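Note that the numbering runs from 1 along the sequence shown for the chain. None of the values given here were measured: they were computed from a predicted structure.
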Amino acid sequence: MSVRSIQPGHGRIVVRNDGFSNVFSELSAAYPLKLLSPQLPSSNVSVVYMLSYGGGLVGGDQVQVDVEVLNGARLALLSQGSTKVFKTRPGRRLSARTETNPTTMQRLQVHVSARSALFLLPDPVTCFSAARYHQTQVFRLAKDSSAVLLDWITSGRKSLGEDWAFSRYYSVNEVWVDDQRIARDATLLEERDDQGPLTPRTLAETLAPYSCYATVIMYGDLTQNTCCNLAAAYSAITVFKQHAPPALIWSLSALCDGKGCIVRVAAKETEDVKNWLGKALVDLEGVLGVDVFRRTFS
């Protein structure tokens, strides 16, 4: 198989299982994207870290990653630290089109074949003041594959007084099973100029008191224990009036007659969301292995 030429900001991952262990047919990337795969004790679970040079993305950077998980392989896509999106600025970078106020764009396209599994478990996106970020992620799954897809965002650099201070954040996640779309989740966060007869509110006021929001989409046999346990915990929640918002809230919606689910979490602190996810998804430790799971949630 010949390696395809790669445009700036693009990456490609192709991993398959040969019956004994996972093998990468392709693992390639071009600036500002970097892809790294460490050696693991397990031969049936592979990890790829999606990184960027300089520790983050700058206004105008355009990143696209194409992923194929084949022949029963299991792939975990991780990051090292939050995906930092720096403020917009004029000028052109290597992977950017010429724009006055460029938007940082990231696109992920994933194909997961029969009996294979994908676990997208990055650290959260953190948009700095005045940043503009647009993310599109499309997942095409075979009916008997599995996937866990985590997408989350923080309010920014709270230590510097930034609280939902970016210009625009737009994220879309689409999940297809065979030729049927089973989920489409879109989030748009930006200041509204015209709020009609309502009392004007800033984005920070609208999202208060929470500073981290997360969405987890799960599908397939490898997620059944996790979905069932979460459904039982959610049905046991008693709703009652509270004088103040709780530190963390969450909800659950079933997908495909229970073959999957969508979980949404919000908390006042990012670390609280991370700890909650680590407990809620603990059954995946037996699927991914202790080492990979703890790389994500410890």
Side-chain angles (χ1 to χ4, degrees), residues 13 48 50 65-69 74-79 83 106-125 133-154 169-189 212-234 248-267 270 273-274 276-285 287-288 292-293 296-297:
I13 304 167
V48 173
M50 298 184 295
V65 182
D66 297 309
V67 181
E68 292 185 54
V69 189
R74 297 179 184 181
L75 174 66
L77 294 179
L78 310 179
S79 62
T83 299
Q106 188 158 278
R107 183 174 179 83
L108 177 65
Q109 296 245 39
V110 180
H111 169 73
V112 184
S113 73
R115 300 175 291 101
S116 305
L118 172 77
F119 302 89
L120 177 65
L121 300 170
D123 288 293
V125 173
Y133 180 71
H134 184 160
Q135 169 184 278
T136 303
Q137 301 186 137
V138 180
F139 308 90
R140 297 190 177 275
L141 315 176
K143 190 173 183 179
D144 56 349
S145 66
S146 297
V148 177
L149 317 170
L150 170 61
D151 184 20
W152 50 331
I153 181 174
T154 74
Y169 171 88
Y170 182 56
S171 176
V172 178
N173 291 285
E174 281 194 1
V175 181
W176 295 74
V177 175
D178 291 338
D179 294 324
Q180 179 181 3
R181 186 171 66 188
I182 65 167
R184 186 179 191 274
D185 184 81
T187 301
L188 173 61
L189 302 175
C212 181
Y213 287 81
T215 300
V216 185
I217 303 175
M218 291 181 275
Y219 173 84
D221 291 342
L222 296 180
T223 71
Q224 285 301 285
N225 286 343
T226 301
C227 289
C228 290
N229 291 338
L230 286 171
Y234 189 63
L248 182 145
I249 57 175
W250 69 284
S251 67
L252 180 142
S253 303
L255 279 178
C256 298
D257 297 323
K259 183 133 188 176
C261 65
I262 300 179
V263 180
R264 304 181 195 279
V265 190
T270 301
V273 175
K274 184 176 182 177
W276 188 92
L277 289 171
K279 294 175 181 177
L281 304 179
V282 70
D283 286 335
L284 296 180
E285 205 173 67
V287 177
L288 290 169
V292 175
F293 188 83
T296 306
F297 295 113

Problem - Any residue meeting side chain to side chain donor-acceptor pair (under 3.5 Å) with Asn229, in chain and number order, not counting sequence neighbours - result: Asp283
Fill in the blank from the handout: Closest non-hydrogen contact found for Ala76 with Val292 is CB-CG1, 4.0 Å
Exercise for the section: Please report the shortest heavy-atom distance between Leu75 and Leu77, naming the atom on each side. Expected result: CD2-CD2, 3.9 Å
Handout entry: Nearest-0.5 Å distance that lies between atom CG in Asn225 and atom CG in Leu284
Key = 9.5 Å
Exercise for the section: Sequence neighbours left out, what passes side chain to side chain contact (heavy atoms under 4.5 Å, CB included) with Leu248? Give chain and number order. Expected result: Trp250, Val265, Ala267, Asp272, Trp276
Exercise for the section: Any pair with a residue in residues 108-117 that passes side chain to side chain donor-acceptor pair (under 3.5 Å), sequence neighbours left out, goes on the list, sorted by first then second residue, please. Expected result: Ser113-Ser116
Exercise for the section: Using the test side chain to side chain donor-acceptor pair (under 3.5 Å), find all partners of Asp221 that sit at least two apart in sequence or belong to another chain. Expected result: none
Exercise for the section: Walk me through it: do Leu108 and Gln106 pass the test side chain to side chain contact (heavy atoms under 4.5 Å, CB included)? Expected result: CA-CA 7 Å; Leu108 177 65; Gln106 188 158 278; over 6 Å; no
Handout entry: Partners meeting side chain to side chain donor-acceptor pair (under 3.5 Å) with Glu174 (sequence neighbours left out)
Key = Trp176, Arg181, Arg184
Exercise for the section: Can you sort out the partners of Ser251 under side chain to side chain contact (heavy atoms under 4.5 Å, CB included), two or more places apart, ordered by chain and number? Expected result: Tyr234, Arg264
Handout entry: Evaluation steps, side chain to side chain contact (heavy atoms under 4.5 Å, CB included), between Leu281 and Leu150
Key = CA-CA 11 Å; Leu281 304 179; Leu150 170 61; 6.0 Å; no
Report all side-chain donor-acceptor pairs from residues 118-125 shorter than 3.5 Å, counting only partners two or more places apart or in another chain.
from: Asp123; atom 1: OD2; to: Ser79; atom 2: OG; distance (Å): 3.4
from: Asp123; atom 1: OD2; to: Gly81; atom 2: N; distance (Å): 3.0

Completion exercise
For Val138 and Arg107, the nearest pair of non-hydrogen atoms, with its separation, is CG2-NH2, 4.3 Å
Exercise for the section: Work out which heavy atom in Ser146 is nearest to a heavy atom in Val112; give both atom names and the distance. Expected result: O-CG1, 4.3 Å
Handout entry: Minimum-distance pair of heavy atoms, taken over all atoms of Ala231 and Leu252
Key = N-CD1, 3.9 Å
Completion exercise
Here the gap from Thr215 atom OG1 to Trp152 atom CH2, rounded to the nearest 0.5 Å, amounts to 12.0 Å
Fill in the blank from the handout: Asp151 meets the side chain to side chain donor-acceptor pair (under 3.5 Å) criterion, sequence neighbours left out, with Gln135, Ser171, Asn173
Problem - Contacts of Cys256 that satisfy side chain to side chain contact (heavy atoms under 4.5 Å, CB included) - sequence neighbours left out - result: Ile182, Tyr219, Lys259
Problem - Approximate separation, where rounding is to 0.5 Å, of Cys261 SG and Gln224 CD - result: 8.5 Å
Handout entry: With Ala114 via side chain to side chain contact (heavy atoms under 4.5 Å, CB included) - residues at least two apart
Key = Ala142, Asp144
Practice task
Could you check Met218 against Thr226 for side chain to side chain contact (heavy atoms under 4.5 Å, CB included), going step by step and ending with a plain yes or no?
Solution key: CA-CA 9 Å; Met218 291 181 275; Thr226 301; 3.7 Å; yes
Problem - Set of ring pair (Phe, Tyr, Trp, His ring centres under 6.0 Å) partners for Phe139, sequence neighbours left out - result: none
Practice task
Identify the heavy atoms of Phe293 and Val282 that sit nearest to each other, and give their distance.
Solution key: CZ-CA, 3.7 Å
